[in-house]
Amino acid sequence: MAAPTKCQLRGRLVLLCSLLGMLWEARASQIRYSVPEETEKGYIVGNISKDLALEPRELAERGVRIISRGRTQLFSLNPRSGSLVTAGRIDREELCAQSPRCLVNFKVLVEDRVKLYGIEIEVTDINDSAPKFQAESLEVKINEVAVPGARYPLPEAVDPDVGVNSLQSYQLSPNHHFSLNVQTGDNGAINPELVLERALDREEAAAHHLVLTASDGGEPRRSSTVRIHVTVLDTNDNAPVFAQPIYRVKVLENVPPGTWLLTATASDLDEGTNGKVAYKFWKINEKQSLLFQLNENTGEISIAKSLDYEECSFYEMEIQAEDGGGLKGWTKVLISVEDVNDNRPEVTITSLFSPVREDAPQGTVILLFNAHDRDSGKNGQVVCSIQENLSFKLENSEEDYYRLLTAQILDREKASEYNITVTATDRGTPPLSTEIHITLQVTDINDNPPAFSQASYSVYLPENNARGTSIFSVIAYDPDSNENSRVIYSLAEDIIQGSPLSTYVSINSETGVLYALCSFDYEQFRDLQMQVRASDSGNPPLSSNVSLRLFVLDLNDNAPEILYPTLPTDGSTGVELAPRSAEPGYLVTKVVAVDRDSGQNAWLSYRLFKASEPGLFSVGLHTGEVRTARALLDRDVLKQSLVVAVQDHGQPPLSATVTLTVAIADSIPDILADLGSLQIPADLEASDLTLYLVVAVTVVSCVFLTFVIMLLALRLRHWHTSHLLRATSDGLAGVPTSHFVGVDGVRAFLQTYSQEFSLTADSRKSHLIFPQPNYADTLISQQSYEKNEPLCVSVDSKFPIEDTPLVPQAPPNTDWRFSQAQRPGTSGSQNGDDTGTWPNNQFDTEMLQAMILASASEAADGSSTLGGGAGTMGLSARYGPQFTLQHVPDYRQNVYIPGSNATLTNAAGKRDGKAPAGGNGNKKKSGKKEKK
C-alpha cells in the first residue's frame, strides 16, 4: 500500500509543477509596470527593451510599437533608451474614477516577428484632490419639538482619490445643541449625521450656524468645508414617505431624450405647507445629473440626454422628498441601461505589408488588423471575412486580431494590384458591418524571358541595296515591368564566307530594327541565316532566340555575257567559214551567252541586229544559232559581217552584242586571196614593238604560203588539175568552222588542218604528206578519225596522178550531232527550232549558268596561242592551251562544225579512250604534235 501512495504523491507533484510552469509562462508573457498619476511627460515607466530581450537600437529596426484601442495614447517608446515613458499627464480619477486599482492595458507589437506582448500598467493614486461638497452651504430645518438624539443626515463630501488619499473623516464646529456622528456604510462610505444633543427653543434661537469639515488622509492633508444653516421650525410631526424604498427601471440605450422613466411618489400626512412635498436628487454625481431630469413637484424622472450603454450601463441615485415643515424622506432609484446593436464594428489596421514580392511564399502576412465592437453580448461578437479570392485567406491570430495571408504564390503578370475588401460583421439583429479596402501592390521579379511574336522570320531584300538600309524589325515582348521588361536585341556571332556576321548586318539594340551594312549581291549571296537574341535588363537577365532568314531577291543588274564567239587576244579578227554550196538552214556558228542573274532576268533571246547583207543569215530566237536563210550565190561577197544582239527579259532589259565575220568560199585559195582584207586595223595606241612583231609575222606567213603554193603548182602541174582541185575542195569541206583563222595565224591554220609537205632535193620524188592532225579534242569527220595512220602520197617530178591519187578528206559524220534535248539552258531548245521553249526550271537554268561561267573563267586565264593542242577541243585559239576538256564541265554545246549540222556528242568518251557514239571504235592517240 505504501508504494502506490508514493507514486500518487509523485504524480501529483509533477502535475503541480507543470501547472505552476504553465502559470509562470502565461504570467511571463504579460509585462507589468506601475506609475504614479500626475507625472510629467517623459516620465520613465520601465525598461521595455530589457523586458523584450532587445537592444534599444533594435526597437526601431524591428518595428516595435504600441497598439492601443479606443483611447488617447498615454505612453510612448523612447527609441534611444529603450524605455517606456509617459506621453502626457495622467489623471487617475479621470481614467479610472473610484476603482480600487487603476490598470491600463495595451499591446506592444514586434512587427518583424508579428508578435504581440501584453502590457499592464497600474496608475497609483496621489493626494491631488481635496474632498468636495456639492454645495457650499446647506440649510437644515429642525422642528423645535425634536427630541434630543434626533439624527439629521448631512451631505457627503466626494473625494476622487482612493485609499488613504480619499475621504477619511468629518469634523463639526463646536456647538452646544448639535454633535456629529459618522456612519460607515456597507460599501465603506462615510455618512455624516447631525445629532441633536439638546432641545431647541425657537424663541431662544431661531437659527444656528455650523461648519462641517471633510478631511482626507493623504500627505499633505486636504480638506473642504460646508456651511450649515439650521432653522428651527414649528412642530411638524410627519415626514414624507415614499411608496417604495427602491425603484428599479430598465431602459434601452437608444431611447430619445425626454423619455419618461418612472415617477417616485412620496406622501405626507401633514396638512398645509407641512404636507406639501418637494422632490430633488440627493445622491447623484455630476455626470448623472446631466443625463436625468427630476420634476420637483411630481417626482417624475425622465431622460435629459441620450444614453450610451458603452459608457455606462448602470446608474444609481437617491431622491429626497421634503415637506414644508422640513421633514424629509428618501428613496433609491436603480436604472439599468440595456444594450442595442447601435455600434458598427471598429477595424483598426495594425500593420500593412505592401508592396509584396510576387515570389513571396505561401502564408506570407499581408495585413494585421484588430476588429472590435463596443456593443455587448452577441451585438459585440465580430466575424471578419474577405470576398472570394483564391490568392488570400483570413486567419484569427489572437483575441480580436486577424491576419491576412497569401494562400498561393502571386503572379504580377496576371495581377499587379489587388483590391481587397475586409468585412467585419457583428452578430446583432439587425447585423451591422464595417468594410475596409486594402490596395496591395505586387512587386515584379524577373521571371519571364522576352518572347517573339513568331517562331521564325523570313525577310526578303532586293539586291544592290544601299548601305544602312532598314531590312526588318523584330519585336519581343516581356510581360515583366520596369527594367525587367526592357528588351535589348543582339545578333548571335556567326561566320559567313569567312567574315563575321556583324560585317553584313547589324541590329538596333533598343528598337530591334535590322540594318544592312553592305550592299548584297544575289550572285554572291542567296540567303543569310542568323539568330536574333532578345535579353531583358533584369537580374539575372533572361533571354530568348529566334531564327531569321534573309533572302536576297535578284534584280536585273547583269547584262548578258557573250561566251562564244570572242575576239582573239592577239588583235586579229576571227572568221567563221561557210561554203558557197551551203543550203538554207546551214548552221554557220552559234552564239553562246549567259546572264549571271536568275529567273526571268536570265532568260535570253537572240536577234540579228545588223548584217552586211540582210536576208542572208538568220539567228535562232532562243538558241543563238546562226544559219543561212537562203542558198549562197556567186554574187555574195566573201566576207559577211553580222552583229548579233542578246537581250534578257528583266525590267529594264539589258543586252549585249557581238560581231561575227563569216567567210564564204569554195576553196582555200579563195580564202587566202582575201585574208588580207580581213585584217583588223592596228590599234593606234599600241606600242611600236607590237606593230613590228605583227608586221614581221604577217610577212613571214605570206612568204611561206607563197612558197608552198608555188611548190604545189610546179609539182602538180602535170597532174590532172581538175582532179586535184576537186580533192582539195572535198578536203576543205571537212574543215571545222569553229576555228577562227587570223591573218597572223595562217601557219597555225595550215598546221591545224595538217597541210604538211616533205621535200627532198636528191630525189625527183617528193612526198606530200597529210598527217593525222593534232586534234585530240577537235571535232573531225568520222572518216578521217577512222584512219589509223597518216595518209602519205608519193609524187614524182612528173606528178603521176594516176599512180598515187590523193585521198580526199571524208565528209563530216552526222552522228556527231547533239540532239536538241542534249542542248541545255538558253543555247538550245527541245524541238530544235527557233520556237523552242524556255527552261521552266530555275534550278536547271542556274546549273547551266554555273557550268558556263566556270568554263568562261578558265578560258579568260588562257593565252592567245594559235593551234589546237591536246585536250583543247579546238578552242585553244581563243582560250589558250590550258582550256582542256578536263576544265570544261560538259560545255560541248558551245562548239559547232561549220558546213554541217554536227555537234559533239561525247567528249568524255574520247578522253577515256573510248569511241564516240557514232564512231567505229578507233583508239588512235592524237595528242602528240607533229614536228614541222
Side-chain angles (χ1 to χ4, degrees), residues 132-144 146 150-158 185 189 191-194 206-210 212 226-252 255-307 312 314-337:
K132 184 180 180 180
F133 292 96
Q134 291 185 358
E136 295 180 357
S137 61
L138 175 66
E139 182 180 7
V140 178
K141 295 179 180 180
I142 302 176
N143 198 290
E144 63 179 351
R151 298 174 181 272
Y152 300 94
L154 297 177
E156 297 177 3
V158 177
N191 301 317
E193 292 180 343
L194 187 63
H208 299 272
H209 298 279
L210 306 175
L212 180 62
V226 60
R227 293 187 297 273
I228 301 175
H229 181 73
V230 180
T231 302
V232 180
L233 301 176
D234 286 336
T235 301
N236 181 18
D237 54 355
N238 292 297
V241 177
F242 283 94
Q244 297 179 14
I246 298 176
Y247 287 88
R248 291 182 173 86
V249 65
K250 294 181 180 180
V251 60
L252 296 176
V255 294
T259 301
W260 171 83
L261 293 181
L262 59 90
T263 300
T265 303
S267 59
D268 193 328
L269 298 178
D270 295 329
E271 295 181 355
T273 58
N274 293 331
K276 185 178 180 180
V277 179
Y279 302 92
K280 66 177 181 179
F281 288 116
W282 179 248
K283 288 184 178 181
I284 187 171
N285 58 36
E286 295 180 0
K287 292 183 178 180
Q288 292 179 353
S289 62
L290 299 176
L291 298 176
F292 302 98
Q293 184 177 3
L294 177 63
N295 190 320
E296 63 179 6
N297 295 321
T298 61
E300 292 182 353
I301 300 175
S302 59
I303 295 176
K305 295 179 64 175
S306 298
L307 303 179
C312 184
F314 181 78
Y315 297 94
E316 180 179 353
M317 63 193 72
E318 290 186 5
I319 297 177
Q320 173 184 286
E322 182 179 3
D323 58 16
L327 298 181
K328 303 174 182 178
W330 295 271
T331 187
K332 184 178 291 187
V333 177
L334 304 178
I335 301 175
S336 298
V337 181

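Note: hydrogens, waters and symmetry copies are ignored here, and every other heavy atom, side chains too, is used.
- The distance from atom CD of Glu296 to atom CZ of Phe281, rounded to the nearest 0.5 Å, is 11.5 Å.
- Between Asn285 and Val158, every side-chain heavy-atom pair lies at or beyond the 4.5 Å cut-off.
- For the pair Thr331 (side chain) and Gln244 (backbone), a donor-acceptor distance under 3.5 Å is present.
- What you find for Tyr152 and Ala146 is that their closest heavy atoms are OH-CB, 3.3 Å.
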Under the criterion side-chain contact (heavy atoms from CB on, under 4.5 Å), I'd like the reasoning laid out for Val337 against Phe314: C-alpha separation, chi angles, the key distance, then a yes or no. CA-CA 6 Å; Val337 181; Phe314 181 78; over 6 Å; no
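- A distance of 14.5 Å separates CD of Gln293 from CH2 of Trp260, quoted to the nearest 0.5 Å.
- Atom NE2 of His229 is separated from atom OG1 of Thr231 by 3.5 Å, given to the nearest 0.5 angstrom.
- Annotation: the span from Leu294 atom CG to Lys280 atom NZ amounts to 11.0 Å, rounded to 0.5 Å.
- The two atoms that bring Tyr279 and Ala264 nearest to each other are CE2-O, 3.4 Å, heavy atoms only.
- Taking the ring-ring contact (aromatic ring centres under 6.0 Å, His included) definition, one finds that Tyr315 meets it with Phe292, sequence neighbours left out.
- Contact detail for Pro257 and Ala304: the closest heavy-atom pair is CB-O, 3.7 Å.
- Side-chain contact between Leu291 and Leu307 is present, with heavy atoms from C-beta onward closer than 4.5 Å.
- Put simply, the side chain of Val232 does not reach to within 4.5 Å of the side chain of Ile142, judged on heavy atoms.
- Ile335 CD1 to Leu262 CG: the interatomic distance, rounded to the nearest 0.5 Å, is 6.5 Å.
- Scanning both residues, Ala321 and Phe242, for their nearest heavy atoms gives CB-CZ, 3.2 Å.
- Residues Val249 and Ile301 have side chains not in contact (no heavy-atom distance under 4.5 Å, counting atoms from C-beta outward).
- Side-chain contact between Ile228 and His208 is absent, with no heavy-atom pair separated by less than 4.5 Å.
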side-chain contact (heavy atoms from CB on, under 4.5 Å), that's the test. Do Asp268 and Asn274 meet it? Break it down for me. CA-CA 8 Å; Asp268 193 328; Asn274 293 331; 5.6 Å; no
For Val140 and Leu210, what are the C-alpha separation, side-chain angles and deciding distance, and is it a side-chain contact (heavy atoms from CB on, under 4.5 Å)? CA-CA 10 Å; Val140 178; Leu210 306 175; over 6 Å; no
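- With rounding to the nearest 0.5 angstrom, the NZ atom of Lys332 is 12.5 Å from the CD1 atom of Ile319.
- Nearest heavy-atom pair, Pro240 versus Ala266, reported as atom, atom and distance to 0.1 Å: CB-CB, 4.3 Å.
- Inter-residue side-chain proximity for Met317 and Lys283 is flagged as unmet; no heavy-atom pair is nearer than 4.5 Å.
- Counted within 6.0 Å of CD on Glu318, heavy atoms from surrounding residues, nucleotides or ligands total more than 12; the atom is thus considered enclosed.
- Annotation: side chain of Phe133 is in contact with side chain of Leu212 (closest heavy-atom distance under 4.5 Å).
- Here the side chains of Arg227 and His209 are not in contact, with every heavy-atom distance at 4.5 Å or above.
- Of all non-hydrogen atoms in Val226 and Ala135, the two that sit nearest each other are CG2-O, 3.3 Å.
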